[in-house]
Amino acid sequence: MSSYPHLLSPLRVAGVTLPNRMVMGAMHTRLETLDRPHERLAAFYAARAAGEIGLILTGGYSPVPEGVIDEGGLVLNSPDQLGEHRLITSEVRKAGGSIVLQILHAGRYAKVASCVAPSPGKARISVFAPRPLSTDQVWSTIGSFAHTAALAQQAGYAGVEIMGSEGYLINEFTAAITNQRDDEFGGDFDRRIRFPLEILAAVRSRVSRDFMVIYRISSIDLMEGGMTGDEVAAFARRVERAGADLINTGVGWHEAAVPTIAASVPRAAWLAAIRNVKQAVSIPVMASNRINAPDLAETIIASGAADLVSMARPLLADPEFARKTRLGRADEINTCIACNQACLDHIFTERTATCLVNPRAGREIEFTDGKTSAPRRFAVVGGGPAGMAFAINAARRGHRVTLFEAGSEIGGQLNMARKVPGKHEFNEMLRYFRVSLERADVTVRLATKASVDDLATGEFDEIVLATGVVPRLPDIEGIGHPKVVSYHDVLAHGAPVGDRVAIIGAGGIGFDVAEFLLGSATESLDPAEFMKAWGVDPTIATPGGLARPARHRPTRTVHMFQRKAGSLGRRLGKSTGWILKARLREAGVGMTAGATYDAIDDQGLHYTVNGEKHVLQADTIVICAGQLSNRELDGQLRQRGIRAHVIGGADVASELDAVRAIDQATRLAISF
Ligand code: NAP
Ligand code: SF4
């Protein structure tokens, strides 16, 4: 019997029989901003359909121009657009899948000057203040949703999902905090939920009964003035009565002060909120947020908390997630580590989404590699992300690859990252690399520091150097003092650290080290601890499900420094930096910008800010001052007239970046 009997069982929804309970959740990719956008979108979704995902939800299409997520964003409001959509639906069908179009009106989150909302008031995270909709305009917007749904059916989609969560327009109507209207769409609970119910009725009236209508409900708003759990349940019942075939669950508004999908959120943390919806209705309910593994998905469905699981980022990370699950090859799944680095952070900074662990995501038409007709013998030096990604991709193409790693285990910087609280998902990345190296038949030589002689034997046609980085040791008086350790000493070797700590350097690693020295590892693993720490009421008895956060009392005092002026942590990832900063602020971490480091001695760190001299009494000074490329071997090879390919941190150390390293390694591997 399969290990996933519930996950792999079919389900009939409206006119579609889904082959399994795995759904690719909607995700904005911004692929529409690139050349050949429709071809790219079609290839992107078709790859997931070929990977046997039960159902695909597109990124959100607005029914009206003022509802787009950002300038030039996706809209479906005219029959002229049907051709591009038919390309998507036919490619997905050819690949054996079904696809549903998500209708999303971004409301006051729309990054366009013409944005609208139920009532005035700019969101904390918004650029523009919205124009409140008149009653007539509300009715006309309802009609636009229905028009888009009708177009979606003509385009060959299996259904539509109406996006009613995450703080977008519909959610802005349903929550009292953003709806101060006194017409038929505002005021008491019944009037606030009228907008989505009218949308559902209008959509239903324009599409056939076998066309799937999904409603994405906000299962917990995580906003003051949001719905209580009882209200969510009552609303879910009304959604069912209004004709929805399936309810998908959303968690928290984008502006909520509680993380909902970052790696620091425990897996399946929101099940109580999802179960609350499930218990209220008789139509199928879909769970979402921080579900990234088949065993977890199976447990959720088996427990009765939901009937399906929606996974958006995990399908960016591995389009074959469902097929590998069906074949009992879950250990080969390239797991989404919830880092947000190449998906959401790209979107939030006007780039297109891809994936840190899978550079092919969203780039399907660029990566058309198959088997090589001219196998070569490669030596790869360095078993970090770049070296491993190159080795696996080259070996899968049919090349013979030997990977040299000086340490006793593969992983490089990943072995440090996985020790940081909230970064345990890096263990999955290591597992994927380990299994893939083995299945691709890469010869891995651990504890082997490759020398020029090893590489120059004629045994190899090409040499790839992924020798990584070495921590930068700044030129500060007293840098050799026994109090000084590098982040590498702390994270990789467990160097002892005292109670009073100064951290020199406030990049991603400085913040990680602070978190490591203060953090409670359980918060990111145990939903109950997480809820307590972030002030979430799991019973959702309070509006929005908010409670008073428990104070975290660290045993250490930590002070972070940087030389440049301006606040610390500015360059952290957009979607996760605020979480780190909030946690460290809460833990009382000192932060000093504009510092000049004068000396380190028995007292601690001597530094100057604005011409004033200070001393920070510290037991340990941790250096997190960036890295330098380790190109020693490249220099030695050049002296012997041997040219190697240099990738990853060994190529560019500044802003040492796994996204760039893995992308560069993969592209190099498919160039041979
Ligand atoms: P980084 O982001 O470049 O930060 C290096 C820090 O060292 C800066 O604060 C810099 O600030 C300081 N510095 C540089 N040269 C110095 C010198 N000579 N003396 C004293 N201070 C110096 O590097 P990182 O923190 O090592 O992180 C590397 C990369 O890892 C990041 O860019 C990111 O891609 C990735 N990462 C990201 C995260 C995350 O986003 N959560 C977490 C971990 C790693 P001043 O020059 O102002 O002093
Ligand atoms: Fe997941 Fe990170 Fe890839 Fe985004 S970039 S899909 S969070 S692994």
Side-chain angles (χ1 to χ4, degrees), residues 24-25 27 29 261-265 290 292 311-319 321 333-347 353-362 385 413-414 416-417 420 422-423 425-426 428-429 432 469-476 479 486-488 491 503-516 560-581 583-584 591-597 605 607 621-628 649 652-663:
M24 177 180 179
M27 183 149 183
T29 59
I261 58 166
S264 52
V265 180
R290 286 296 279 124
N292 62 349
M311 297 171 288
R313 296 172 300 165
L315 264 292
L316 276 189
D318 196 334
F321 187 104
I333 290 176
N334 198 0
T335 303
C336 165
I337 57 170
C339 64
N340 290 350
Q341 264 176 258
C343 51
L344 293 188
D345 287 347
H346 274 203
I347 297 299
T354 180
C355 173
L356 181 145
V357 301
N358 174 23
R360 290 175 164 82
Q413 304 280 319
L414 302 180
M416 283 190 277
V420 175
K423 292 203 164 178
E425 295 285 3
F426 277 88
E428 298 291 349
M429 196 170 163
Y432 168 77
V469 293
V470 286
R472 177 189 284 124
L473 209 54
D475 186 15
I476 303 171
I479 193 78
S486 78
Y487 72 85
H488 192 268
L491 294 175
I503 296 179
I504 289 187
I509 290 180
F511 272 84
D512 272 1
V513 166
E515 178 89 11
F516 176 79
M560 299 176 71
F561 292 88
Q562 71 179 21
R563 298 172 305 173
K564 59 177 113 32
S567 59
L568 277 72
R570 271 200 191 159
R571 282 177 41 223
L572 293 173
K574 251 214 146 73
S575 63
T576 49
W578 69 272
I579 303 170
L580 271 173
K581 283 187 268 185
R583 283 181 52 84
L584 298 194
M591 298 205 182
T592 298
T596 306
Y597 309 117
L605 176 67
Y607 63 97
I621 289 123
V622 187
I623 307 296
C624 304
Q627 298 82 16
L628 303 171
V652 183
S654 70
E655 292 181 36
L656 168 71
D657 180 348
V659 178
R660 191 184 56 216
I662 295 174
D663 182 80

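For this chain, numbers begin at 1 and follow the sequence in order. As the structure lists them, so they are numbered: ligands from 1, and atoms in each ligand from 1.
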> Is the number of heavy atoms from other residues, nucleotides or ligands within 6.0 Å of NZ (K574) greater than 12?
Replying inline: no
>> Suppose the cut-off is 2.8 Å; which protein N/O/S atoms would you list for atom 1 (Fe) of ligand 2?
In response: C336 SG
Checking contacts here: is it the side chain or the backbone of [X] that comes within 4.0 Å of ligand 1, counting heavy atoms only? Could be both or neither.
{"X": "F511", "result": "neither"}
{"X": "Q341", "result": "neither"}
{"X": "D512", "result": "side chain"}
{"X": "A417", "result": "neither"}

>> Measuring from atom 46 (O) of ligand 1, which candidate in R563, R570, K564 has the nearest non-hydrogen atom?
In response: R563
> Hey, looking at atom 2 (O) of ligand 1, which of G507, A595, G422, G505 has the closest heavy atom?
Replying inline: G507
> By side-chain hydrogen bond (donor to acceptor under 3.5 Å, both in side chains), which residues pair with N358, not counting sequence neighbours?
Replying inline: none
Can [X] be said to touch ligand 1, with heavy atoms closer than 4.0 Å?
{"X": "K423", "result": "yes"}
{"X": "Y487", "result": "no"}
{"X": "T576", "result": "no"}

> Going through the distances and angles, do N334 and M429 end up as a side-chain contact (heavy atoms from CB on, under 4.5 Å)?
Replying inline: CA-CA 7 Å; N334 198 0; M429 196 170 163; 5.6 Å; no
>> Please report the interatomic distance CG(L584) to CD(E515), rounded to the nearest 0.5 Å.
In response: 6.0 Å
